[in-house]
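I have placed the structure first, in the form of structure tokens, so that the comments after it can refer back to it.
All residue numbers refer to positions in the sequence shown, counting from 1. All ligand and atom numbering here is 1-based and tracks the order in the structure. All of these numbers come straight from a predicted model, not from anything done at the bench.
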Amino acid sequence: MTPAVRCDGVVQIYKTKEIEVVALRDIDLVIEEGESVAFLGPSGAGKSTLLWLLAGLLRPSAGRLWLGDTEIGKLGPRALDRLRAADIGVVLQNPARNLIPYATAVQNVTFAQRAVRRRGRRPAGDLLDRVGLTAVRDKPAGRLSGGEQQRLAVAIALANRPRLLLADEPTSQLDAVTGQAVIELIRDLGTTSVVVTHDVRVSEATGRTVTIRDGRIGAEGRGGEDFVVVGREGAVQLPPEYHELLPPGSMVRVEPLPDGVVLRRAEP
Ligand code: ADP
Ligand code: MG
């Protein structure tokens, strides 16, 4: 089966007047249809950048990116807009940026639905019920609390039953109980989803975690176990807890074993 998402050597470089920032380097990633993935990693690691690339909001500086059979980089602006409206639900990191502030909560969801003709999606009211916003459905979105806006953003992202749901820290302003409800909603949809998070409850609810550090995929977790990922040309990122044993710049001996290698610090 074609995976839902495939990144092949994706690089993202931001160019500002003075400097270039390499936000992502050589990202290889496959997400299967129906998978639920959490992106973890320190601030500035490149999590949001990768999410924006998957959302078609940025074009990679290098490398290739597919959503299903469609290579994003090959689409013109119109086709990309159509794909985004019909197939991708996005929750941006700043909840207010997902909303039309003067429209009510329910109008925000119906506006999103009006952009796409589709059968079998949930009525706006049902979606608001699911995220616990029934009582404020007729309030202007701009007057909702940060947590309510975050839940509304999730309802809007789900409005057209997207094939891919992308959410950047969707529970950052929610208390434990509402955060849990939002995560369960996302997971129970069975939609392919990627959630950037610092919240361990979120990463426990997803089957798979991808840890990004310094613009690279350093580790992956599956079923509660963490693995370091061997990248292009054999590069591995040592988990931070081993930096004291093997500080950056260390010379090491690589000794083969039947099922892998060991690294031993060489005396200087
Ligand atoms: P994260 O979401 O993991 O905190 P980001 O993807 O936001 O990380 O940022 C990755 C790197 O790219 C950081 O060094 C950040 O400063 C830089 N960056 C992000 N957005 C821009 C931008 N629009 N212009 C220049 N640099 C940026
Ligand atoms: Mg971010």
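- Checked for salt-bridge contact, R163 and D69 miss the test: no charged N lies under 4.0 Å from a carboxylate O.
- One hydrophobic cluster, built from ILVMFWY side chains closer than 4.5 Å, cannot hold both I27 and V228; they sit in different ones.
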Using a cut-off of under 3.5 Å, which N/O atoms of ligand 1 pair up with protein N/O atoms, and what distance separates each pair?
residue	atom	partner	partner atom	Å
ligand 1	2 (O)	S48	N	2.9
ligand 1	2 (O)	S48	OG	2.8
ligand 1	3 (O)	A45	N	3.2
ligand 1	3 (O)	G46	N	3.0
ligand 1	3 (O)	K47	N	2.9
ligand 1	3 (O)	K47	NZ	2.8
ligand 1	4 (O)	G44	N	2.7
ligand 1	6 (O)	T49	N	2.9
ligand 1	6 (O)	T49	OG1	2.5
ligand 1	8 (O)	G46	N	3.2

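- Inclusion of S48 in the first shell of the Mg ion (ligand 2) is supported: an N, O or S atom falls under 2.8 Å.
- Side-chain contacts under 4.5 Å among hydrophobic residues (ILVMFWY), followed directly or transitively, place V177 with no other residue at all.
- In this view, E35 and R208 satisfy the side chain to side chain donor-acceptor pair (under 3.5 Å) rule, not counting sequence neighbours.
- Partners of E241 under the salt bridge (charged side-chain N to carboxylate O under 4.0 Å, His left out) rule, at least two apart in sequence or in another chain, do not exist in this structure.
- Side chains of S172 and Q150: a donor-acceptor N/O pair is present below 3.5 angstrom, by distance only.
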